[in-house]
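For reference, the structure is listed below as structure tokens.
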Amino acid sequence: MGKLYLIPTPIGNMDDMTLRALDVLRSVDHIYCEDTRNTKKLLSHYDIHKILKSYHMFNEDKKYQEIIKELKEGMDIAVVTDAGYPGISDPGYLVCKKAIEEGCAVTTLPGPTASLTALVTSGIPCDKFYFYGFLNHEVNPKRKELESLVDFENTLIFYEAPHRINETLELMSEILGNRYICIARELTKKHEEYIRGYIDDIIKEGYELKGEMVIIVEGAKIDTLTSNLNSLTIGEHYEYYLKQNIDSKEAMKRVAKDRGVSKSDIYKEIIVKK
Ligand code: SAM
């Protein structure tokens, strides 16, 4: 059996290739990549000249079988994407999963990813976090996704495109509240920039945000959230939890806990009075 290597590549600065990544890319039998033109440019910079095969979101369903076959024939295979870690908002998960199922060895090399680069520099707690990646592009599903994150206490990481950033910030302000965020733009590139502040202040500034970006959002401050919820009627408070896809029993339990009353008081108010 050969070995599958998942290899991260630079997110902007070509010098962010590790020596080990270069060694492995030189030594493997085949390199599969998202866009052969991009990877060719990167490898030529390091004087690596190999035939590149394509593996991207539109062909991965078929291509993973070819990779598994080659692994079984004893070949070592590298998978790279256009930038950062394979599998992180990029193809890579499927071939990794299938290779494991087939008993092939899989190794991922450490290297660049926009998510962690942004998180660590954001100044927002980075010990516990939730990587969400891209929100849905449509407004209504995006709204639902944000609603499901509203009482998550740890830092949130999102990827976003420049033409959607303003709409996303508006929705975040409306749904998550005026939280402290960091927009990390063009990481590792010439125009790398960090915009830190409260969402509403950033919206007011009217920045024209271009390029690639990550949004780091501070987690919910549960004390503030609880006091906001306690200012609702019991019915509205209960509805709030139901909208988070929490079942009725658990929703009543949470309302009781927030309000410091017994579950039976909430039950009487919601079910018996109905
Ligand atoms: N696999 C990549 C990784 O590990 O970060 C992510 C690929 S995803 C298709 C592309 C998104 O990652 C961009 O839209 C942006 O949100 C983020 N991104 C990639 N490079 C970036 C950079 N240099 N600066 C800021 N964000 C970046």
Side-chain angles (χ1 to χ4, degrees), residues 4-18 20-21 24-25 31-39 41-43 45 54-60 63 78-97 106-124 126 129-138 142 145-146 149 155-169 171-172 181-196 199 202 207-217:
L4 174 66
Y5 292 91
L6 300 169
I7 305 189
T9 53
I11 56 170
N13 187 327
M14 289 241 203
D15 289 346
D16 288 334
M17 278 305 277
T18 68
R20 187 169 164 226
V24 173
L25 288 167
I31 300 172
Y32 282 80
C33 52
E34 208 180 352
D35 183 329
T36 51
R37 288 162 306 179
N38 288 344
T39 305
K41 226 182 278 166
L42 175 74
L43 296 187
H45 181 77
S54 83
Y55 176 81
H56 48 66
M57 64 186 284
F58 304 106
N59 71 4
E60 65 174 338
K63 280 286 173 141
V79 170
V80 301
T81 60
D82 284 349
Y85 266 76
I88 301 297
S89 299
D90 261 343
Y93 159 71
L94 188 62
V95 68
C96 174
K97 176 175 176 272
V106 183
T107 292
T108 299
L109 272 48
T113 171
S115 56
L116 297 184
T117 310
L119 173 69
V120 172
T121 331
S122 66
I124 296 173
C126 51
F129 57 88
Y130 180 25
F131 172 73
Y132 198 87
F134 287 101
L135 288 157
N136 197 293
H137 298 172
E138 308 286 333
K142 190 191 298 196
E145 288 177 323
L146 287 170
L149 297 169
T155 302
L156 301 165
I157 307 177
F158 300 96
Y159 284 165
E160 193 48 287
H163 59 283
R164 280 190 289 266
I165 181 77
N166 289 333
E167 176 192 275
T168 299
L169 291 179
L171 279 176
M172 283 181 170
I181 65 168
C182 171
I183 301 175
R185 220 173 56 77
E186 295 289 272
L187 293 168
T188 78
K189 301 183 199 174
K190 191 172 166 201
H191 298 293
E192 173 173 303
E193 182 185 26
Y194 295 88
I195 298 168
R196 301 181 179 87
I199 302 180
I202 292 175
Y207 292 101
E208 262 197 46
L209 296 169
K210 293 201 177 112
E212 296 193 284
M213 60 194 76
V214 183
I215 317 172
I216 309 291
V217 180

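Sequential numbering from 1 along the given sequence is applied to the chain's residues. Counting starts at 1 for both ligands and their atoms, following the listed order. Bear in mind the structure is a predicted one, so any value in this text is a computation, not a measurement.
Residue-ligand proximity, F134 to ligand 1, at heavy-atom distances under 4.0 Å covers atoms 8 (S), 11 (C), 14 (O). Distances below 4.0 Å separate heavy atoms of T113 from the following atoms of ligand 1: 3 (C), 4 (O), 5 (O). Near E160, with a cut-off below 4.0 Å to any heavy atom, the atoms of ligand 1 are 16 (O). For ligand 1, the atoms sitting less than 4.0 Å from at least one non-hydrogen atom of Y85 are 1 (N), 3 (C), 4 (O), numbered in the order shown with element in parentheses.
The shortest N/O to N/O separation between I88 and ligand 1 falls below 3.5 Å. Considering backbone and side-chain atoms alike, R185 places every N or O at 3.5 Å or more from each N or O of ligand 1.
Summary of contacts: the protein heavy atom closest to atom 24 (N) of ligand 1 is L187 N, 2.9 Å. If you check which protein heavy atom lies closest to atom 8 (S) of ligand 1, you get S89 O, 3.6 Å. For atom 23 (N) of ligand 1, the closest non-hydrogen atom of the protein is I11 O, 2.8 Å. Ranking protein heavy atoms by distance to atom 5 (O) of ligand 1, first place goes to Y159 OH, 2.6 Å.
Side-chain contact of S54 with N59: a donor-acceptor pair under 3.5 Å is present, judged by distance alone.
Residue I181 is tested with L169, I195, I216 for a side chain to side chain contact (heavy atoms under 4.5 Å, CB included); the sole match is L169.
Remark: among candidates E212, E192, M213, K189, the nearest residue to atom 16 (O) of ligand 1 is M213, based on non-hydrogen atoms. Nearest-heavy-atom check against atom 18 (N) of ligand 1 across A114, P8, G87 picks out A114.
At least one heavy atom of V214 sits closer than 4.0 Å to an atom of ligand 1. Note on ligand 1: A83 sits in its first shell, one or more heavy atoms being nearer than 4.0 Å.
Residues R164 and L135 are not in side-chain contact: their nearest non-hydrogen atoms beyond the backbone lie 4.5 Å or more apart.
Checked by atom type and distance alone, the side chain of Y55 pairs as donor or acceptor with a backbone atom of V95 at under 3.5 Å. Side-chain atoms of T188 come within 3.5 Å of backbone N or O of N13 as a donor-acceptor pair. Side-chain N or O atoms of E186 include one that pairs as donor or acceptor with a backbone N or O of E212 at under 3.5 Å.
Taking the side-chain hydrogen bond (donor to acceptor under 3.5 Å, both in side chains) definition, one finds that T121 meets it with Y194, sequence neighbours left out.
Classification of K210 and E208 as a salt-bridged pair holds, one side-chain N sitting under 4.0 Å from a carboxylate O.
Contact annotation: for D90 versus ligand 1, heavy atoms closer than 4.0 Å belong to the side chain alone. Counting heavy atoms under 4.0 Å from ligand 1, residue A184 touches it through the backbone alone.
Ring centers of F131 and Y159: under 6.0 Å apart, within the cut-off.
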